[in-house]
A.B. asks: 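Quick one: structure below, then a few questions.
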Amino acid sequence: MPLSWNEIKSRAVRFSKEWENETDESAESQTFLNDFFYVFGITRRRVASFEKRVHIESGREGYIDLLWKGIILIEHKTRGKNLDKAHQQAIDYFPGLKEEELPKYILVSDFARFRLYNLEENTQHDFVLKDLVKNVKLFSFIAGYQISTFKDEDPVNIKAAEKIGRLHDKLKAIGYEGHFLEIYLVRIVFCLFADDTNIFNKGIFEEYIKRNTKEDGSDLAHHLSTLFFILNQHENYRLTNLDESLAEFPYVNGKLFAENLPPASFDSEMRTLLLDCCMLNWSKISPAIFGSMFQAVMNPEERRNLGAHYTSEKNILKVIKPLFLDELHNEFESVKNNRNKLAEFHKKLATLKFLDPACGCGNFLVITYRELRLLELEIIRTLLFKHYKIKKEVAADAKININQMVKIEVDQFYGIEIEEWPARISEVAMWLIDHQMNIIISEEFGEYFVRLPLKKTANIINDNALRIDWQSIIPKERLSYILGNPPFSGKHLQDGEQKKDMDNIFIGVKGSGVLDYVTCWYIKASHYIQNTNLKVAFVSTNSISQGEQVGVLWNELFNNYKIKIHFAHRTFKWSNEARGKAAVHVVIIGFAYYDTTEKYLFEYDDVKAEPHLRKVSNINPYLIDYKDILIQSRRQPICNVPVILFGSKPTDGGNLILSEEEKNQLLLEYPDVKKYIHKYLGSDDLINNVKRWCLWLVDADPSELNKIPPIIERIEKVRKSRLESKKLATRKKANTPAIFAEIRHPGSNFLAIPLVSSENRKYIPIAFYSKDVIGNQNLLMIGKADNFHFGILTSEMHMSWVKYTCGRMKSDFSYSNTIVYNNFPWPKNPTEKQIKTVEEKAQKVLDVRKEFPESSLADLYDPLTMPLALVKAHQELDKAVDLCYRPQPFPNETKRIEFLFELYEKYTNPLLSETKKKKRK
């Protein structure tokens, strides 16, 4: 274990005195280095294991005075020699080193002078022998006190996961798999971390493998089994003649090494792979992300993009800060000047309990624990330096009992995880973050603090969180907060077991089939927190605050569980910057059984932007500052406007659809078939001006069709395609293979709205089409629509409604007839003049479009290329539409949507609206 700084300083003073009087003749380089490392607690045996030989140019070999691979290279000269030349000599050795062997520090010395180069920070420190005591903290990386900073994108994270993944594959290939393999790898990962973070004396795991195992790997499994046994055995019960290299390992406990595992088997390649793992700097890997990466290595498909499989700390903080952390920091600020209140606050922190019911590899628990420990450090600093009047510069000499002052423990944290591997990894991650926080405490107060043997552990349960009683894990009276990032899984992505979970959670809830899997955790948590002051925060797909899911989920949460939203992050992009990372657009919702006046909404200008914090009076399920209101799916519009239809669905295996080339070829051979060929339109065709056609054979003369073999051939293919379907309804449609399976058409000219369109456009591209055009199931059609309808639907007013009520496909708008259109509050009793103005401005938009005949709607409405004339035409239309709603302008989108929700409520609750008017009078 690392020495205390007091002991290190004492040894440094003795070292300086012993060597300052040595002459060149009596001075011996190796002895000097042995004594130097002894100052920091490194034994002669350990120093002797460091490499000295290295290949340099032309195949020659050079001799380094000392190389601690990946850590430090030392070049030592006789007294008075040029240290610049010594430094250059050290640099010259680099080409002969492997990448993982390259040092982070270079130390050059001539007995009397020291010069330390920090290669990562590009700094240099010079001092003389007698001043070593003043500079010992420069060598904290040797002493075991170095505090690592973590970067989400640090390549070492991915390298580590890849190497462990390869080791996993090798062991699995020989038949060592399942539960035993997972525990075995977790133990190896723990040892690798322990070797670089001074849970073990630095580097002894790697040294043990190198010194004690054969190069062919034949005895490696035996030695690992022995080591695992020793790590689970208290020092007092070990054999008295135990090999010194094994006796050096500490007693770990914590049940990590308790289970007896069957012996594995290694070969030369696997031994080399394990040693390669040892060469990485595991202290650089954040416990907050390593678990997710190692979970990814278990899945070959996910392994191809390891960098994408973790949640950034920044996003985790978006959950925990408004849930509890900001509040705790505010409380600390309010009590820090009162010693008794501060001590009570410290005790309170030690009583808090946290549950992540979908904890995965423990990311949220790890960051929560770290932030609590950092807050506790502030408390301890304040108590010692402000209230107990201990001077910071002499804290290391004050012999502070840190063990009694640190109160927060890992057993305050609970998790549920359905997969065993991440559940075990999360336990180890909590131990590791605990150790790293202990290192920070040790550095702060000069006394090494470590919790070994491990007496307490995070309470991670390997089970299905949706099928167990959370009270059996921790009674709700003892819990403080629930948080996490449950699996999203939309309705089409749910597997059989997940669908069973949905059925069990949403018994009797009408329409629950449309819900995402994540909603199960909302119901489960809401049931758990009944009649308590517990607060909950989950990351979720933004679908639960948009579209059809809102009415189903929040109706249940509001009416049956009396839930109130306390804070929320509106839609933002949940990811890091890893290459190939799929965009996931999410919301964060914090809620409780009780109401509060402190409600906060985090709003984003766009999904990649930073949030703006706004205190609000209420947060409804659409995550806006308005009363709790639910927009339910309805078959008819709430206003007197034309009905909207989905287009026709061919279900034809592609055989009734024609490309431009296929259409031309068919007409060339059979000109009379022209009357059966219609323009075919879907969302993509509408937006990108794609030309497609279809065979529209409704009421076609059979005798004519039989004279056109290509059409008959296509009809036969449709019949066969439908007969092969698993759906009975589709197989029945094989009886009428010449026509579309589902026919929906307004029978008139119509206004077309794409079912899916990009959120990047300010307006959804819509357009008029003649009745001869056949829209497909990815298109919505409004028959007998006029310019007024076009103007309203392509306005900023309608787009505000769309943004808040529309479902999403990723981040794209997924327009709904039953939710968006049928519930949209059109202007109430606009004047003839207002209607005419909208119609004129709408026509202006259509006219400007015609000025660009070669441009598709995608080109015209691209925010980067939208023509200025079209921008101005839409701005004029927006003003005209706004005046149909009210004479005062809308200052921002928030005011627009609040107005629309109020108007919606008037239309759907006329009796309630009349009552309000009477009260005002």
A.B. asks: Could you walk me through whether Phe750 and His789 satisfy the ring-ring contact (aromatic ring centres under 6.0 Å, His included) test, starting with their C-alpha distance in whole Å, then the side-chain angles of each, then the deciding distance to 0.1 Å, before giving a yes or no?
C.D. replies: CA-CA 11 Å; Phe750 61 89; His789 300 118; over 10 Å; no
A.B. asks: Kindly compute the distance separating CZ (Arg731) from CZ (Arg722), expressed to the nearest 0.5 Å.
C.D. replies: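 Arg731 atom CZ to Arg722 atom CZ measures 13.5 Å (nearest 0.5 Å).
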A.B. asks: Return yes when atom NZ of Lys879 has more than 12 non-hydrogen atoms of other residues, nucleotides or ligands closer than 6.0 Å, and no otherwise.
C.D. replies: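 No - once you tally the heavy atoms of other residues, nucleotides and ligands closer than 6.0 Å, there are 12 at most.
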A.B. asks: Between Arg570 and Leu623, which heavy-atom pair has the shortest distance, and what is it?
C.D. replies: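 That closest heavy-atom pairing would be NE-O, 3.1 Å.
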A.B. asks: Please round to the nearest 0.5 Å and tell me the distance separating atom OG1 of Thr908 and atom CD1 of Ile629.
C.D. replies: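 These two atoms lie 5.5 Å from each other.
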A.B. asks: If only atom types and distance count, is the side chain of Ser800 paired as donor or acceptor with the main-chain N or O of Glu796 below 3.5 Å?
C.D. replies: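 A pair under 3.5 Å: yes.
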A.B. asks: Taking all non-hydrogen atoms of both residues, which atom of Tyr907 and which atom of Cys639 are closest, and how far apart?
C.D. replies: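 Tyr907 and Cys639 have their closest heavy atoms at CE1-SG, 3.5 Å.
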A.B. asks: With a 4.0 Å cut-off on N to O distance, would you call Glu902 and Lys627 a salt bridge?
C.D. replies: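 Looking at Lys627 together with Glu902, the answer is no, because their closest N to O distance does not fall below 4.0 Å.
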A.B. asks: Between atom NZ of Lys733 and atom NZ of Lys649, what is the distance when rounded to the nearest 0.5 Å?
C.D. replies: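 Lys733 NZ to Lys649 NZ: 11.0 Å, rounded to 0.5 Å.
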A.B. asks: Quick test of your reading of the model: are Arg896 and Asp882 salt-bridged, counting only N-O distances below 4.0 Å?
C.D. replies: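 Salt bridge between Arg896 and Asp882, a charged N being under 4.0 Å from a carboxylate O: yes.
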A.B. asks: Charged N to carboxylate O under 4.0 angstrom, Glu660 versus Lys691?
C.D. replies: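 Not counted as a salt bridge, because no side-chain N and carboxylate O are separated by less than 4.0 Å.
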A.B. asks: For Gln777 and Phe646, indicate whether the former's side chain and the latter's backbone hold a donor-acceptor pair under 3.5 Å.
C.D. replies: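 No; judged by distance alone, with no hydrogens or angles, the pair does not exist.
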A.B. asks: For a quick check under 3.5 Å, do Asp685 and Tyr680 share a side-chain donor-acceptor pair by atom type?
C.D. replies: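 The answer is no; no qualifying pair exists.
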A.B. asks: If you draw a 6.0 Å radius around NZ in Lys836, do more than 12 non-hydrogen atoms from other residues or ligands fall strictly inside?
C.D. replies: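 Open.
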A.B. asks: Write down the atom of Gly775, the atom of Leu779, and the distance for their closest heavy-atom approach.
C.D. replies: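 In terms of heavy atoms, the two residues are closest at CA-CD2, 3.9 Å.
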A.B. asks: Is it the case that the side chain of Asp859 and the backbone of Ser856 share a donor-acceptor pair, with hydrogens and angles ignored and the cut-off at 3.5 Å?
C.D. replies: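 Judged by distance alone, yes, a pair lies under 3.5 Å.
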A.B. asks: Restricting to non-hydrogen atoms, name the atom on Cys694 and the atom on Ile657 that form the minimum distance, rounded to 0.1 Å.
C.D. replies: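 Nearest heavy atoms, Cys694 then Ile657: CB-CD1, 4.0 Å.
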A.B. asks: Considering only heavy atoms from C-beta outward, does the side chain of Leu658 approach that of Leu695 to under 4.5 Å?
C.D. replies: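 Answer yes - side chains close enough.
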A.B. asks: Treating Gln834 as the side-chain partner and Thr831 as the backbone partner, does any N or O pair qualify as donor plus acceptor under 3.5 Å?
C.D. replies: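 Yes, the answer is positive, given that a donor and an acceptor are paired below the 3.5 Å cut-off.
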A.B. asks: Does any N or O in the side chain of Gln498 come within less than 3.5 Å of the main-chain N or O of Asp495, such that one atom is a donor and the other an acceptor?
C.D. replies: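 The answer is yes, because a donor-acceptor pair under 3.5 Å joins these two groups.
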A.B. asks: Taking the six-membered ring for Trp, are Phe572 and His585 ring centroids under 6.0 Å apart?
C.D. replies: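 No, the ring centres sit 6.0 Å or more apart.
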A.B. asks: May I ask you to check whether over 12 heavy atoms, not counting those of Lys895, lie within 6.0 Å of atom NZ?
C.D. replies: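 It does not: Lys895 NZ has 12 such atoms or fewer within range.
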A.B. asks: Does Arg886 reach the main-chain N or O of Pro889 with its side chain, forming a donor-acceptor pair under 3.5 Å?
C.D. replies: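 Pair found, side chain donor or acceptor close to backbone of Pro889.
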A.B. asks: Checking the side chain of Glu840 only, and the main-chain atoms of Thr837 only, is there a donor and an acceptor separated by less than 3.5 Å?
C.D. replies: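 It does not hold such a pair.
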A.B. asks: Please work out which of the three classes, parallel, tilted or perpendicular, describes the rings of His874 and Tyr763, given edges at 30° and 60°.
C.D. replies: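 Taking His874 first and then Tyr763, their aromatic rings lie parallel (interplane angle under 30°).
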A.B. asks: State, without any angle test, whether Asp628 and Asn618 hold a side-chain donor-acceptor pair at a distance under 3.5 Å.
C.D. replies: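 Asn618 and Asp628 do have a side-chain donor-acceptor pair below 3.5 Å.
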A.B. asks: In this structure, are over 12 heavy atoms from other groups packed under 6.0 Å from Lys844 atom NZ?
C.D. replies: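 Open: at most 12 neighbouring heavy atoms sit under 6.0 Å from NZ of Lys844.
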A.B. asks: Do Leu630 and Pro621 have side-chain heavy atoms sitting under 4.5 Å apart?
C.D. replies: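 Heavy-atom side-chain distance check passes, below 4.5 Å.
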A.B. asks: Could you tell me if the ring centre of His745 sits under 6.0 Å from that of Tyr769?
C.D. replies: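 No, too far apart.
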A.B. asks: Please lay out, stage by stage, how Phe890 and Phe899 fare under the test ring-ring contact (aromatic ring centres under 6.0 Å, His included).
C.D. replies: CA-CA 9 Å; Phe890 294 97; Phe899 178 89; 5.3 Å; yes
A.B. asks: Below 4.0 angstrom, N of the basic side chain to O of the carboxylate: do Glu556 and Lys510 qualify?
C.D. replies: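 No, Glu556 and Lys510 are not salt-bridged.
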A.B. asks: Hey, does the Lys NZ or Arg CZ of Arg744 hover above the aromatic six-ring of Phe740, less than 6.0 Å from the centre and inside 45° of the axis?
C.D. replies: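 Cation-pi check for Arg744 and Phe740: fails.
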A.B. asks: As an exercise, state the distance from OG1 of Thr805 to CD of Gln546, rounded to the nearest 0.5 Å.
C.D. replies: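 Nearest 0.5 Å value for the OG1-CD distance: 8.5 Å.
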A.B. asks: Below 4.0 angstrom, N of the basic side chain to O of the carboxylate: do Glu603 and Arg614 qualify?
C.D. replies: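 Salt bridge flag = yes for Arg614 with Glu603.
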A.B. asks: Could you check whether Glu759 pairs with Lys803 (Lys NZ or Arg NE/NH1/NH2 to Asp/Glu carboxylate O, under 4.0 Å)?
C.D. replies: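 Looking at Glu759 and Lys803, the cut-off is not met.
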A.B. asks: Look at atom CD of Gln888 and say whether more than 12 heavy atoms of other residues, nucleotides or ligands are closer to it than 6.0 Å.
C.D. replies: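 Above 12, so yes.
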A.B. asks: If only side-chain N and O atoms count, and only distance matters, is there a donor-acceptor pair under 3.5 Å linking Arg635 with Asn822?
C.D. replies: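 On atom types as modelled, these side chains do not qualify, holding no pair under 3.5 Å.
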A.B. asks: What distance separates Leu666 CG from Ile677 CD1, expressed to the nearest 0.5 Å?
C.D. replies: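 The CG atom of Leu666 sits 5.0 Å away from the CD1 atom of Ile677.
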A.B. asks: Starting at CD1 of Ile563, measure out to CZ of Phe591 and round the result to the nearest 0.5 Å.
C.D. replies: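 Result: 6.0 Å between the selected atoms.
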A.B. asks: Given 3.5 Å as the limit, does a donor-acceptor pair link the side chain of Ser855 with the main chain of Leu860, or not?
C.D. replies: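 Absent.
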A.B. asks: Angle between ring planes, Trp801 versus Phe901, binned at 30° and 60°: parallel, tilted or perpendicular?
C.D. replies: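 If you compare the ring of Trp801 with that of Phe901, the planes turn out tilted.
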A.B. asks: Can you label the angle between the Trp554 ring and the Tyr522 ring as parallel, tilted or perpendicular, going by 30° and 60°?
C.D. replies: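 Plane angle over 60°, so perpendicular.
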A.B. asks: Please check: side-chain N/O of Asn776 versus main-chain N/O of Asn778, any donor-acceptor pairing under 3.5 Å?
C.D. replies: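 Yes.
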A.B. asks: Grab the two heavy atoms, one from Ile792 and one from Pro827, that are nearest each other, plus how far apart they are.
C.D. replies: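 Scanning both residues, the minimum pair turns out to be CD1-CG, 3.9 Å.
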A.B. asks: For the ring pair Tyr517 and Phe488, is the centre-to-centre distance below 6.0 Å?
C.D. replies: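 Aromatic pair excluded; centres sit 6.0 Å or further apart.
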A.B. asks: What are the two closest heavy atoms between Lys318 and Phe567, and how far apart are they?
C.D. replies: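 Heavy atoms of Lys318 and Phe567 come nearest at O-CE1, 4.4 Å.
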